[in-house]
Amino acid sequence: MAKRQFDAVYAMVQRIPEGEVASYGQIALFLGWPNGARTVGWALRALTSGSGVPWHRVVNAQGKISLPNPTRQRALLETEGIVFDEKGRIDLRRFGWRGPDAVDLEP
DNA sequence: ATAATGACTGGGG
DNA sequence: ACCCCAGCCATTA
């Protein structure tokens, strides 16, 4: 059932290291869709529990959680060491993922 | 094939 | 800083 495009999204999200976050637009850009941020959100929305995809590491460009009920996602991120400010935003300068090329040093 | 959907984004008020 | 609006894209119905 996994559509090719969605699958690409999941694969990219899987690359986000623990303790870091990426924006929808960022993921889309890495996949080659300059304006496909919404499509990324679509793919994640279609995700089912137990998919093994770290969907919680994806937030909007404002560093904020886009889900109607951010509680669960926020808890997961805090578990990984992500820090939220008083307005529930993440400092992307600090926790933002650099990209798929930035981290590739596994022996 | 057309229309609607939505976990987005950037710009303007 | 916050709220609203129009543009954009792949998937679904």
Side-chain angles (χ1 to χ4, degrees):
Chain A
M1 297 283 290
K3 300 308 174 196
R4 186 187 174 89
Q5 302 295 64
F6 276 17
D7 216 13
V9 173
Y10 304 145
M12 186 60 70
V13 174
Q14 276 285 7
R15 292 185 173 208
I16 306 173
E18 187 176 317
E20 291 183 29
V21 296
S23 74
Y24 299 89
Q26 204 175 356
I27 299 293
L29 196 61
F30 293 149
L31 289 173
W33 315 324
N35 292 348
R38 306 186 78 176
T39 304
V40 173
W42 212 268
L44 294 181
R45 176 194 76 63
L47 214 44
T48 62
S49 61
S51 56
V53 178
W55 55 271
H56 55 279
R57 293 179 191 152
V58 184
V59 298
N60 61 32
Q62 307 166 30
K64 210 170 176 183
I65 295 173
S66 292
L67 284 109
N69 181 3
T71 311
R72 183 161 55 200
Q73 181 171 2
R74 176 165 177 164
L76 286 167
L77 289 173
E78 290 182 320
T79 298
E80 298 189 351
I82 304 292
V83 179
F84 289 77
D85 64 14
E86 299 177 358
K87 294 178 180 173
R89 293 190 307 183
I90 299 170
D91 183 354
L92 296 178
R93 291 178 306 197
R94 184 177 165 191
F95 301 104
W97 184 35
R98 303 173 170 195
D101 311 303
V103 188
D104 222 314
L105 314 156
E106 283 305 324

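Labels below follow one simple rule: chain letters A, B, ... track the order of the sequence lines, proteins then strands, and each chain is numbered from 1.
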Please give, in whole Å, the distance from dC9(C) C1' to Leu29(A) CG? 14 Å

In this structure, which one of Glu80(A), Arg72(A), Gln73(A) forms a side chain to side chain donor-acceptor pair (under 3.5 Å) with His56(A)? Glu80(A)

Once you round to the nearest 0.5 Å, how far does CZ of Arg74(A) lie from CD1 of Ile82(A)? 12.0 Å

Rounded to whole Å, the CZ-P distance (Arg89(A) to dA1(C)) equals 6 Å

CG on Asn60(A) to CG on Leu92(A), rounded to 0.5 Å: 8.5 Å

Can you give one letter per nucleotide of nucleotides 7-13 of chain B, going 5' to 3': B for a protein heavy atom under 4.0 Å from the base, S for sugar-phosphate only, - for none? BBSS---

Euclidean distance, Glu20(A) CD relative to Ile90(A) CD1, rounded to 0.5 Å: 11.5 Å

Single-linkage hydrophobic cluster, 4.5 Å side-chain cutoff, Leu47(A) and Val21(A) together: yes

Assign Lys87(A) to base, sugar-phosphate, or nothing according to its heavy-atom contacts below 4.0 angstrom with the strands shown. sugar-phosphate

